[in-house]
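Just so it is clear, the values below take in all heavy atoms, side chains as well, and ignore hydrogens, waters and symmetry mates.
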Amino acid sequence: MIQVSWQDEKASLPEGATFLDVKKAFGWKNDVLMVLVDGKPRELRDKVPGDCSVEPLTFRDEAARNALRHSTAHILAQAVKRLYPETRLGIGPSIEDGFYYDFDAPVAFGPDELEKIEEEMKRIISENEPIVREFVEKAEARKIFQERNEPYKLEILEEIPDGEPISIYRQGEFVDLCSGPHVPSTGYVKAMKLLNVAGAYWRGNEKNPMLQRIYGTSFMDQKELDDYLVRLEEIKKRDHRKLGKDLDLFSIEEEGGPGLVYWHPKGAIIREIIEDFWRKEHRKRGYQLVYTPHIAKLDLWKVSGHWNWYKENMYSPMVIDEVEYLLKPMNCPFHILIFKGDTRSYRDLPIKYGELGTVYRYERSGVLHGMLRVRGFTQDDAHIFCRPDQLEDELVGVLDLASFMLETFGYDEYYCMLSVRDPENKEKYIGDDEVWETAENALERALQRKGLNYKIDPGEAKFYGPAIDIKVKDAVGRLWQGPTIQVDFNLPERFDISYIGEDGEKHRPVIIHRTVLGTMERFIGGLIEHYAGAFPLWLAPVQMRVIPVSEKQSDYAQKVTESLRNQGYRVECDLGSEKIGYKIRKAQLEKIPYMLVVGSREREEGTLSVRHRSLGDLGTMRLDEFVEKAREEVEKKLLDSIFSVTR
RNA sequence: GCUCACAUAGCUCAGUCGGCAGAGCGCAUCCUUGGUAAGGAUGAGGUCACCGGUUCGAUUCCGGUUGUGAGCUCCA
């Protein structure tokens with residue numbers, strides 16, 4: 001007999017019992033998909049290895065959720081094989097929020113095919129086929145997949161070291177090479193949907209054949225699936241490309257070329273405010289702001305090394321007076337030239353050059369995406385030239401600036417990744433051990449001093465130095481690339497820059513490349529989605545709109561508008577002949593923070609009826625009362641209306 | 001760049017199994033002067049992305065180009 005315990009309950013089971021028996025013994029419900037045995041997840045069909053304590057795992061646990069989705073991927077593959085037997089199977093893992101399976105199929109899967117496949121999947125689910133694991137010898141596995149004519153499976157099989165048992169899964173007539181884990185039978189999948197098809201290279205390599213990848217998701221009940229689909233819709237509504245058009249923020253013009261952004265007046269004002277804020281904050285923190293050219297001689301890019309390792313992303317040279325010039329893909333060589341233009345003392349350091357530098361990079365056509373992935377963009381770039389002993393303090397300063405900026409925009413959850421050398425391959429990095437160690441330690445201590453949680457990524461460092469990458473979480477829980485801080489030992493060498501130390505000798509400074517917002521395009525594109533287009537008052541292109549109830553109040557409305565405009569607000573007056581309900585709806589759809597309704601009452605009393613886009617009617621107040629509130633809301637860069645806290 | 005899909009009015013989208021194109025919103029003019037998410041009427045707007053081919057005839061079918069989307073790969 002085997003003794004199994006769960007919390008304070010115990011059960012005795014015969015030898016050879018499985019966790020399905022454990023499940024029954026403890027009376028667990030059907031939402032239990034896997035078990036945790038001594039801290040390790042096991043599938044329910046596994047035999048109980050001996051006396052142990054167990055914990056049930058449900059859909060809420062990542063391991064169990066992945067197992068369910070992975071099993072759904074197998075159901076998808078089974079359905080495809082039933083409908084299109086000529087199909088060759090690629091791989092089909094679970095992914096965040098769902099699963100996919102790659103197929104080399106004789107037909108192109110379109111919406112009609114997906115529908116048919118989905119129906120077949122539902123049939124397989126209702127058949128409730130047991131999903132059973134088997135371990136076989138490699139030769140046996142080879143035979144199985146040769147018979148089934150599955151070249152991709154055989155390719156994977158051959159990469160498994162000899163002698164290792166091969167794990168395969170069977171459900172009905174379907175067999176897959178798979179290390180699991182899975183749920184016990186196809187009936188466990190209660191709600192599923194296929195979402196889309198896209199091409200995907202076999203094993204992600206563009207030299208390999210392109211397979212058709214079907215994406216889908218599954219849940220334990222229909223409601224959860226429906227909620228997920230609603231969430232997808234909500235994300236779609238926030239799409240910066242849609243909102244950018246609706247709110248007239250920016251466009252990309254076919255006549256102008258792909259990946260090149262046109263900032264319309266309303267988008268431009270948002271950018272201008274953010275840039276002003278950025279400049280002010282940088283000056284405050286000891287940065288000196290510079291402007292540099294858009295092109296430079298090819299030779300400069302040879303010195304910097306870009307011509308060698310970044311060539312694919314750079315536009316072809318243009319010849320000016322018989323000399324070749326390149327459009328800049330980065331700002332660093334320019335800042336270095338400014339640094340180099342004078343003899344620097346150790347007393348001068350750190351020197352921090354900042355620039356909102358517009359760069360151009362060739363991006364393959366298929367990767368372009370709204371404002372988030374473009375070919376011409378403006379980086380909020382800066383380079384800190386410092387002594388090695390200053391590195392840590394400077395990094396703390398950058399982290400401090402980064403967190404201040406992120407929080408100002410309402411990104412209050414973010415994750416830091418520390419990219420360090422691959423300890424196995426130290427020779428592929430430039431710079432000696434000692435310098436690397438100093439730098440990596442400085443980065444890590446800086447993170448600790450700021451009290452930030454971080455994950456260390458060994459081997460993720462670039463060849464020229466370690467880095468911190470910060471990922472930020474937006475209002476709907478998605479992660480975005482945020483600030484990056486990159487230590488560089490390479491460019492100081494290449495440009496042979498130096499400072500004179502206390503000893504009167506030349507020393508090599510370290511360069512920190514850092515960006516806080518990333519690029520104006522990507523950052524503001526992300527902000528549009530983060531705010532769902534409803535920019536806080538300090539950023540809103542139109543902050544308030546004065547709405548007269550009828551034309552009789554036009555004069556008063558215009559007076560109010562003018563007064564607000566003179567006080568520095570971005571304000572409009574709606575003198576249209578429509579009714580007030582219509583004007584309010586229009587202002588709502590434009591996501592204007594404040595609507596100031598003025599009718600005959602307000603005109604007589606010299607007041608405003610204030611309405612906020614999300615709080616609704618806020619009642620009547622004097623203009624100076626409203627202005628005082630608005631001023632505070634703007635000055636404090638509040639994310640929500642000031643009336644929502646004081647009301 | 002690759003695979004698949006898509007491209008019709010300023011916007012969102014119908015439509016023509018091949019016979020010189022439609023709605024709603026928006027815009028203009030007029031009527032209406034109204035109190036917190038759509039008052040009414042009239043009107044203007046399109047080389048149906050571009051270039052070729054098939055056809056008596058192409059917005060529709062075919063090929064190419066450009067652009068866009070979902071992904072792959074890459075990335076700020």
Side-chain angles (χ1 to χ4, degrees), chain A residues 90 95 100 102 104-105 107-111 113 195-215 236 239 241-242 245-246 248 251-259 310 312-313 329-331 357 359-381 469 480-484 486 513 515-523 525-526 547-554 576-590 595-602 609-613 615-620:
Chain A
I95 50 174
Y100 67 78
D102 287 346
D104 186 349
V107 292
F109 296 137
E113 284 77 16
L195 297 169
N196 52 358
V197 203
Y201 300 107
W202 167 237
R203 318 200 91 176
N205 186 332
E206 55 189 315
K207 295 194 177 72
N208 286 342
M210 169 101 27
L211 308 181
Q212 297 189 70
R213 175 171 297 177
I214 299 181
Y215 286 89
K236 224 186 210 166
D239 192 312
R241 293 166 299 181
K242 179 178 164 40
K245 193 182 271 183
D246 289 351
D248 198 15
S251 65
I252 289 164
E253 301 294 333
E254 185 170 347
E255 293 96 319
Y310 206 67
E312 300 73 56
N313 289 289
M330 293 191 188
N331 304 300
V359 298
Y360 290 86
R361 299 183 187 171
Y362 171 72
E363 299 285 353
R364 303 163 93 191
S365 60
V367 306
L368 301 173
H369 183 89
M371 278 189 141
L372 302 181
R373 195 72 188 275
V374 292
R375 286 180 172 163
F377 51 89
T378 301
Q379 292 181 302
D380 75 304
D381 211 357
D469 287 294
W480 297 71
Q481 177 60 53
T484 62
Q486 177 76 53
H513 308 251
T515 161
V516 176
L517 308 178
T519 69
M520 299 317 293
E521 286 74 10
R522 186 174 281 185
F523 185 75
I547 301 177
V549 173
S550 82
E551 277 168 23
K552 294 192 187 99
Q553 293 87 35
S554 301
S577 67
E578 291 84 4
K579 289 214 234 179
I580 181 179
Y582 177 89
K583 293 181 184 177
I584 287 189
R585 177 182 148 83
K586 203 162 66 150
Q588 280 294 144
L589 292 176
E590 290 174 54
M595 289 153 262
L596 308 173
V597 177
V598 293
S600 49
R601 275 203 305 280
E602 286 78 9
S609 171
V610 179
R611 179 192 165 93
H612 183 261
R613 66 180 169 206
L615 300 172
D617 195 345
L618 297 169
T620 303

Proximity to the side chain of [X] - top-ranked nucleotide from [options]:
X	options	answer
A:Ser577	B:U32, B:U66, B:A37	B:U32
A:Met210	B:C74, B:U3, B:G34	B:U3
A:Val597	B:G35, B:A76, B:U33	B:G35
A:Ser550	B:U33, B:A38, B:G1	B:U33
A:Val367	B:U73, B:U12, B:A70	B:U73
A:Pro258	B:U68, B:G26, B:G69	B:U68
A:Ala198	B:G1, B:G71, B:A38	B:G71
A:Lys245	B:G34, B:C11, B:A37	B:C11

B:G52 versus B:G45 - spacing of their P atoms, nearest Å: 27 Å
Just how far, in rounded Å, is [atom2] of [N] from [atom1] of [X]?
X	N	atom1	atom2	result
A:Arg375	B:G67	CZ	C1'	12 Å
A:Tyr582	B:G34	OH	C1'	15 Å
A:Ile252	B:A49	CD1	P	21 Å
A:Tyr215	B:G69	OH	P	17 Å
A:Asn313	B:G1	CG	P	14 Å
A:Lys579	B:A41	NZ	P	14 Å
A:Glu578	B:G35	CD	C1'	16 Å
A:Leu615	B:A37	CG	P	14 Å

Side-chain-base donor-acceptor pair under 3.5 Å for [X] and [N]:
X	N	value
A:Tyr201	B:G1	yes
A:Arg364	B:C2	no
A:Arg213	B:C4	no
A:Glu602	B:G35	yes

With a non-hydrogen cut-off below 4.0 angstrom, is [X] in contact with a base, only sugar-phosphate, or nothing?
X	value
A:Gly366	base
A:Tyr360	nothing
A:Glu363	base
A:Gln588	base
A:Arg241	sugar-phosphate
A:Thr515	nothing
A:Val374	base
A:Gly599	base

If we ignore hydrogens and angles and just use 3.5 Å, is the side chain of [X] paired with the main-chain N or O of [Y] as donor and acceptor?
X	Y	answer
A:Gln379	A:Thr515	no
A:Asp380	A:Gly518	yes
A:Arg522	A:Leu372	yes

Chi-angle category of B:G45 [syn within 90° of 0, anti beyond]: syn
Test log, rule side-chain contact (heavy atoms from CB on, under 4.5 Å), inputs A:Glu521 and A:Thr378: CA-CA 7 Å; A:Glu521 286 74 10; A:Thr378 301; 4.1 Å; yes
Aromatic ring of A:Phe377 stacked on base six-ring of B:A76, 5.5 Å, 30°: yes
A:Ser251 and A:Glu253: side chain donor to acceptor below 3.5 Å: yes
Under-4.0 Å side-chain N/O to phosphate OP1/OP2 contact, A:Arg611 with B:A37: yes
Nearest atoms (heavy-atom pairs only) where A:Lys583 meets A:Gly576: NZ-O, 2.9 Å
Complementary nucleotide of B:C48, counting Watson-Crick and G-U pairs under 3.5 Å: none
